[in-house]
Structures are given as C-alpha cells and as structure tokens.
Amino acid sequence: METFGTRLHRAVAERGPLCVGIDPHPGLLARWGLEDDVDGLERFVRTVAEALGDRVAVFKPQSAFFERFGSRGVAILESTIRQLRDVGALVLLDAKRGDIGSTVAAYASAYLDPSSPMYVDALTASPYLGVGSLAPMFETAAAHGGGVFVLALTSNPEGAEVQRAVTSGGRTVAQLVIDEISQLNRGAEPLGSFGLVVGATIGATGHDLSRVNGPLLAPGLGAQGATAADLPTVFGPNLSAVLPSYSREVLNAGPDADALRAAAARVAADCRRILASGH
C-alpha cells in the first residue's frame, strides 16, 4: 500500500505543485451565471472536474459550501470526490474536523476509510482539543494510506491570538503542533503523510518547520492577497514540501474550460519557478 506522502510526491512531480480549492460560494456561482442552488452547484463542480481533473495534482473541496444545500449538496460532494479520483487527482477535503474519542474516530471512518462513500485522500483537521485527540484520524490514515493536514499558522487575523500564545514549556501553540506532527513523519520517505496548514499571507513566521518532513499546505494565494513570490518569506528553506493552494484566482476564469486550464497552468508555472529557485 502506498502512503499518501508517496502519492502526493508523485502527483506534484507529474502535474506540478498546485492545489485548487473548490469553494462554490454564492458570489462565484453568480459570476459563472449559475443559480445559487443544487443545480448550479452540480454544473459548477462538473465543469471544474472536466476541465482540470486530469491536470491538477490536488483538489481541495470546501465541505461547507456543499453542506449548505443539505443531503443533495453532500451527494454532489460525494460525486465530485469520485470524479476527481477517477482521473488520478488527489482529493484533500477541507472540513477542519476535530473532536475527541469516538467522535473523532467517526470522522476518521467517514473520510479516511476506503469503505466510506465520502472517502478522500486526505482531510484537514483542527488540533485545538489537543493534537493527541486526533490520534484516531492519524491511525486510520496510516492504516489506509491517507493523510491529515493539521492547522498550525493560519492566515486569518484571529488565529494569532491562539496559535502564537506561549505554552508553559516556552513554545508557542503553533510550534507545539508543528513538533508533534514532525514526530509522526520521522523517517518517512520521500515525504510524510501528515501535513500542516500554514497561510501564505502571514509573512516570516519565526517558527521552525525544518523537521516536519511532511507537506505544507499554503492557502491564501491569489484573491486573499498572497502570491507565489511570498512563499520563500513564509517557508524559508522548507520550500520543497510546500503545496500552494489557489481557489478564486483559478476559478474566476470559468466557466470556459480553456480559460480555467490557462489560469491553472499560469499559477502552477509561477509556483514551480519560485519553489525551484527558492526566491
């Protein structure tokens, strides 16, 4: 069984260092000339999957924008996951789940067990009930070749109050999270399966990412204000593990399939150049 880290490393080598977020919010549907309803949602995600599914390494559907339509929206999310995985893309579900005990184990079963209709390659998770509370996710992911991306240093301004708070041991909360995820990835080759979420808009972090040995998801590129040129400032010498994530910068080019492909190719080329050069 291949690990998620191995599959991600290969996908990025073959398709380029790009994650496209699928965030079908009302404004984006309207921009495409679609109604803010289930039919508009279905047309939107089908267009994205058909245009980009065979050329982008990773897709990151935001679960909330499907859940807001109830069971029919969740059914479309299930279908989208299948479509993308069928054409060789990796699917990282942005759900930011986090809980304790049997509840986090149920989240793990829902998203990281291949027997589930919601099965994805990786899941985002919140560590603020303690990184150890996510152990059932880590265990299920390891058992089935999946991945987990844990929030560490997010780009929203409210995040710093918690994430940069100093613990009794002298480390920030974020550094504690970074260090615990680093332990999970020790010895993994070519890349660990447990990643971190570090916003591309936050500038120099003052945190040590050098031992993570896992993927570093960088949201906040494009419409949120960051560019590929900001990545060296945020990640320093750790660029080889960075997975840049764009959403509106790519999706605003739709619904024309050729325009979507051109937008994805442009940002992927920018990222590849910056990540390869280090500046």
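Computed from heavy atoms alone, side chains included, the values below leave out hydrogens, waters and symmetry copies.
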Arg72 CZ: over 12 foreign heavy atoms closer than 6.0 Å: no
Whether Phe194 and Phe138 hold their rings parallel, tilted or perpendicular, with breakpoints at 30° and 60°: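 The rings of Phe194 and Phe138 stand perpendicular, inter-plane angle above 60°.
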Is there a side-chain contact between [X] and [Y] in this structure, where contact means two heavy atoms from C-beta onward sitting under 4.5 Å apart?
| X | Y | result |
| --- | --- | --- |
| Leu28 | Asp23 | no |
| Leu196 | Val177 | yes |
| Ser182 | Asn213 | no |
| Tyr246 | Leu18 | yes |
| Leu251 | Val20 | yes |
| Gln62 | Lys96 | yes |
| Arg171 | Ile178 | no |
| Tyr119 | Val91 | no |

Minimum-distance pair of heavy atoms, taken over all atoms of Leu239 and Gly236: CG-O, 3.4 Å
Heavy-atom closest pair, residues Leu112 and Asp121: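 Closest heavy-atom pair between Leu112 and Asp121: CD2-O, 4.5 Å.
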Looking only at side-chain N and O atoms, does [Y] offer a donor or acceptor that is under 3.5 Å from a partner on [X]?
| X | Y | result |
| --- | --- | --- |
| Glu67 | Ser63 | yes |
| Thr172 | Gln163 | no |
| Asp179 | Gln183 | no |

Test side-chain contact (heavy atoms from CB on, under 4.5 Å) applied to Val58 and Pro244, Pro215, Cys19, the passing residue: Cys19
Charged N-O contact under 4.0 Å between Arg43 and Asp37: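 Not counted as a salt bridge, because no side-chain N and carboxylate O are separated by less than 4.0 Å.
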Backbone of Gly5 reached by a side-chain donor or acceptor of Ser193 within 3.5 Å: yes
Main-chain N/O of Phe235 paired with Asn238 side-chain donor or acceptor, under 3.5 Å: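 It does hold such a pair.
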